[in-house]
Amino acid sequence: MTLPKLQIGAKAARYCIVQGGMSIRIALHALVAAVANAGGIGTIGGMGISPAELRDEIRKTRKLTDGVFGVNLMYAGYLFDRLLEVCIEETVDFVAIGAGFARGPFQKLAAHGISALAIISSPKAARIVARTEGVTGVVVESGQAGGHLGPEDPNISTWDLFPPVLQTLREYNYGGPVIAAGGILHREDIDRALAMGADGVQMGIRFAMTEESAASPAMKQAWLTATGSQVEDWSPTGMASRAIVPHSPDLLPRVDDIKVHCVHCLKVCRHREDHSVSHCIHTALTNAQKGDVVNGLVFCGPRVGEIHDILPAGEIIRRLVGSPIQARGWDPAMV
Ligand SMILES: Cc1cc2nc3c(=O)[nH]c(=O)nc-3n(C[C@H](O)[C@H](O)[C@H](O)COP(=O)(O)O)c2cc1C
């Protein structure tokens with residue numbers, strides 16, 4: 001069975017597969033364009049980069065594809081407002097906003113005719129976004145996702161979280177597309193999400209582990225050898241997060257290290273308030289992206305151990321859109 005299209009505002013992608021935004025500098029123009037060219041929807045990770053770098057990434061992506069792509073921004077980010085301005089000035093197809101919520105940015109994007117996705121993790125948030133002007137679509141992200149986690153129960157699966165959130169959205173007459181995220185790797189996962197009523201899926205780690213992803217070879221190797229991930233409570237954001245095992249917070253960089261400077265990446269940072277607490281998340285994620293995984297933070301969900309290869313993003317999409325039988329060939333036997 002062919003996968004359905006996914007409509008985000010005025011734009012429709014050939015397939016209902018969204019590549020989730022991944023900061024810092026994991027999902028940049030090469031990956032985003034490769035996904036969009038293959039018929040999926042690409043998302044630039046807009047957190048932890050400057051407004052000028054974001055503008056450059058948007059323009060580079062646009063040169064490489066006429067497919068659908070947008071930008072992921074974290075509301076908790078210090079530069080959120082300025083990055084949002086860049087998205088508006090560059091008229092991206094959509095902005096996906098997570099890690100905090102306010103109605104203003106959605107209204108602002110709507111006023112400029114730009115679609116917006118709200119990334120949420122609870123029925124409570126569903127009640128709010130359903131009544132917010134400018135929410136073109138909703139991403140429901142479970143505890144099986146990599147990175148920072150929104151659900152009250154950070155271990156809740158997509159299969160347990162998605163149905164009540166969807167039901168709440170529909171009770172509040174929300175009519176936009178609703179996308180499932182967290183732990184979706186194979187074609188059978190996509191089929192299961194669609195059977196639950198999802199209009200599409202958002203996938204992170206499968207696209208982080210591609211040739212076009214801007215993660216360092218060492219980071220890709222760390223994912224390839226990882227058997228799973230664990231929920232941590234030591235992020236300076238105060239949110240739970242998921243990273244590969246083993247990771248020790250003691251090895252993560254701090255601003256009292258002479259080489260680490262605070263770039264004010266977050267509006268509220270526990271580490272900036274008190275250097276003895278937590279670590280510098282910007283440096284930790286940058287270290288991993290550049291190859292120092294020991295002193296870096298390698299985000300991923302619990303199913304990372306099921307991925308055994310680094311493939312071109314287009315090949316991943318081609319395999320996912322094949323029949324369910326072909327998709328089972330994700331197993332090493334076929335790859
Ligand atoms: C390395 C990594 C970085 C991520 N960074 C972000 C981010 O900056 N903003 C965000 O909203 N989600 C982020 N995510 C979550 C993804 O966008 C996506 O929703 C999630 O990974 C889906 O789960 P999956 O990885 O199991 O497919 C990140 C995920 C990973 C693995």
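Atoms within each ligand, like the ligands themselves, are counted from 1 in listed order. The structure displayed is predicted, hence computed values, not measured ones.
- Within ligand 1, the atoms closer than 4.0 Å to a non-hydrogen atom of M203 are 27 (O), numbered from 1 in the order shown.
- For the pair A145 and ligand 1, a heavy-atom separation below 4.0 Å is found.
- For ligand 1, the atoms lying closer than 4.0 Å to a non-hydrogen atom of G20 are 17 (O).
- Of the protein's non-hydrogen atoms, S23 OG, 2.9 Å is the one closest to atom 8 (O) of ligand 1.
- If you look at I26 next to ligand 1, there are no close heavy atoms at all, none under 4.0 Å.
- Of all atoms in ligand 1, numbered sequentially from 1 with element shown, those under 4.0 Å from a heavy atom of I119 are 11 (O).
- Remark: ligand 1 atoms within the under-4.0 Å shell around heavy atoms of G183 are 23 (O), 24 (P), 26 (O).
- Looking at R127 and T168, their side chains never bring a donor and an acceptor atom within 3.5 Å of each other.
- Atom 17 (O) of ligand 1 has as its closest protein heavy atom G21 O, 2.8 Å.
- In this structure, the ring of F106 has its center less than 6.0 angstrom from the ring center of F101.
- In this model, no donor atom of one side chain and acceptor atom of the other lie less than 3.5 Å apart for N72 and T43.
- For the pair K11 and F69, the cation-pi criterion (under 6.0 Å, within 45° of the ring axis) is not fulfilled.
- At least one heavy atom of G182 sits closer than 4.0 Å to an atom of ligand 1.
- Inspection of the R103 and T132 side chains reveals an N or O donor paired with an N or O acceptor under 3.5 Å.
- Here is the list of ligand 1 atoms found below 4.0 Å of a heavy atom in G204: 21 (O), 22 (C), 24 (P), 25 (O), 27 (O).
- Residue, atom and distance of the protein heavy atom nearest to atom 31 (C) of ligand 1 are F299 O, 3.8 Å.
- Using modelled atom types and a 3.5 Å distance limit, the side chains of R131 and N173 yield no donor-acceptor pair.
- Taking only non-hydrogen atoms, the option from M22, E141, Q289 nearest to atom 19 (O) of ligand 1 is E141.
- A donor and an acceptor atom, one from each side chain of H186 and E306, are located under 3.5 Å apart.
- Atoms of ligand 1 found under 4.0 Å from any heavy atom of N72, numbered from 1 in the order shown, are 7 (C), 8 (O), 9 (N), 10 (C), 11 (O).
- Taking the side chain as every heavy atom from C-beta outward, I307 and R206 approach each other to under 4.5 Å.
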Determine whether R242 and S229 satisfy the following criterion, side-chain hydrogen bond (donor to acceptor under 3.5 Å, both in side chains), listing intermediate values before the conclusion.
CA-CA 6 Å; R242 268 193 180 281; S229 64; 3.1 Å; yes
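- For ligand 1, the atoms closer than 4.0 angstrom to any heavy atom of Q144 are 26 (O).
- Taking every non-hydrogen atom of I205 and a distance limit under 4.0 Å, the qualifying atoms of ligand 1 come out as 24 (P), 25 (O), 27 (O).
- A salt bridge links R319 to E315: one of the charged nitrogens lies within less than 4.0 Å of a carboxylate oxygen.
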